[in-house]
Structures are given as structure tokens and as C-alpha cells.
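Down below is the structure, laid out as C-alpha cells.
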Amino acid sequence: MNLLAERDRALRLTPDRALADLAEAAAWICDRGMATTTADCSLPSLFAACHEPPYQPGGRGFASWPATKYGWPVELAAAGTGVHSLAVHSGKRLLVSSAVAALVDPLARAALADAADLPLLRHLDAAGPSLIDDLQVELALDAAALRRMRRPLERVGALVSRSVTVPAASGGHRHTSELLRWDQAFPEQPAAPGGLAELVAAGVRAAVLAPPEELRRWFSWRLPPGLVDELLERGLVARSLDPPGLVAGLTAG
């Protein structure tokens, strides 16, 4: 099998494979298991798979996002499609399938247990999922302080953020976020085991091919020494022979 060609096909890296609509995008993410928003590593990228010109050609940041599909990451996670938005890609948004969320589960529950005494998590445990506006009032925090408090928790899955629409005081509506503990966002513990090794292996399968040294940058958790060798020994990934020097999520030959 030509793994480079398979990667192009599976990650929709050619314009003829561009994602056409939200339903196709959701099905693709659930098939791959995970996708970043912008292309920043070997993992699949939602915006790369859109092949849409940027909002502002030559622009940086949000201006470089697709002209009309920039809202897809939020819409996908809010549409009940089985796609979840987590910040476990070293603090950046990662869209994952329910199956991959199950692999994150033991890592996120461990992080939640470690941080359970923090005021934000204690408050959410008592009050339930809460809008950020309400949390600022109830915890007497300004926006910057709440942001500093939530970011490290979101990085490791202990805290999950969901985009929601609420009525605006002046009429119409506005967009804000709701914060949930992991055990509120995912109350049922998966029957199948997960963990860091399984999550990294799922990333390799999603990417089809990846440099071994890149794997340590995909997720917020530090990889233990020898993890790649463990994945190879367990048959969770394979060495790519053509091209050489990479690990593959498919049987390499």
C-alpha cells in the first residue's frame, strides 16, 4: 500500500476531496477519530480538509481561517453529531469522536481527581454546569482571572468548555461558553480501557503517517520514555518502510 497516497486520501489533502458540508465533516472526524482546527502537525486538520480560501488572503490568525466555514468547529461540537471539542491538543482545540473521548477518559478523570479541591471544580460540582458569566459573579472573578483558572484544567480534560447561545439583554442572542467538569460532560465511564498509549496510537491511525518525534507534541500529557517502542511492540502502530523513518497507523509494507 502507498501510505503517502493513503494519507492524502484519508486526510482529504487534495481539493477533489474537500469536505462539502457539516454532515460530511462530522462523519469524517468520526471516521478519523480526531482532527485539529488548523493544520499544525501530522494530525488531520478540519480547515485543511475544507480547501476553502481564507477570509483574508495573506492574513494571519483568524483572518487565515476559511471564508465561510470558520464556524464549523463550534457547530460540529454543538450539533449532536458525536463530535466533541476538547482542549487536550496542548491547550488547543481538538475535535474528537466519542470513541477517542473514551480513550481520554481515564486521563481526564485522573486530572480531575488531582485538582478536585480547586474552587472552580468544587463550585461546578455543587452548582452543576455553569455559564462563564455566572461563574465570574459567583466566584468573584474577572474574565482574565477565570481564564487563567480554567485553561490548565481544560488542557488535561478535567474541565470541558461548550459554546452556547443565550438571549442578549438588548434583544437577539449572543454566544458564550458553558463550563463542565469532565464527569459532567461524560458521566458514563467507558467499559473499554483507554489511556495515553491508546490515545497516541489513535492519533497515529488518524494521521496515517507521522514522524516518531512529533508524537510527544500532540497531547498535553508528557509521554513516558519508550512509549513509541511500546506501541510498536504491542502492534498498535507499525514502522513505515516506504517512506522510511515514520510510524504508521496502517500495516506498513
- request: Kindly state each residue pair satisfying side chain to side chain donor-acceptor pair (under 3.5 Å) with at least one member in residues 49-66, sequence neighbours excluded.
  value: Glu52-Thr68
- request: Answer yes or no: is there an ion pair linking Arg234 with Glu198, defined by an N-O contact shorter than 4.0 Å?
  value: yes
Check whether any side-chain heavy atom of [X] sits under 4.5 Å from a side-chain heavy atom of [Y], and report yes or no.
X: Glu154; Y: Ser161; answer: yes
X: Pro211; Y: Ser42; answer: yes
X: Leu159; Y: Trp182; answer: no
X: Val156; Y: Leu107; answer: no
X: Arg32; Y: Ile29; answer: no
X: Arg150; Y: Leu120; answer: yes

- request: May I ask you to check whether Trp28 and Glu24 show a side-chain donor-acceptor distance below 3.5 Å?
  value: no
- prompt: Between His84 and Ser98, does any side-chain donor sit less than 3.5 Å from a side-chain acceptor?
  reply: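 On atom types as modelled, these side chains qualify, holding a pair under 3.5 Å.
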task: Dump the intermediate steps for side-chain hydrogen bond (donor to acceptor under 3.5 Å, both in side chains) on Ser177 and Arg162, then the final yes or no.
output: CA-CA 5 Å; Ser177 296; Arg162 288 179 178 169; over 6 Å; no
query: What residue among Asp40, Thr36, Thr37, Leu95 forms side-chain contact (heavy atoms from CB on, under 4.5 Å) with Ser45?
result: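 When Asp40, Thr36, Thr37, Leu95 are each tested with Ser45, the side-chain contact (heavy atoms from CB on, under 4.5 Å) holds only for Thr36.
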Indicate every side-chain donor-acceptor pair of residues 183-194 with a distance under 3.5 Å to a residue at least two apart or in another chain.
from   : atom 1 : to     : atom 2 : distance (Å)
Asp183 : OD1    : Arg181 : NE     : 3.0
Asp183 : OD2    : Arg181 : NH2    : 2.9
Gln184 : OE1    : Arg181 : N      : 3.0
Gln184 : NE2    : Leu124 : O      : 2.8

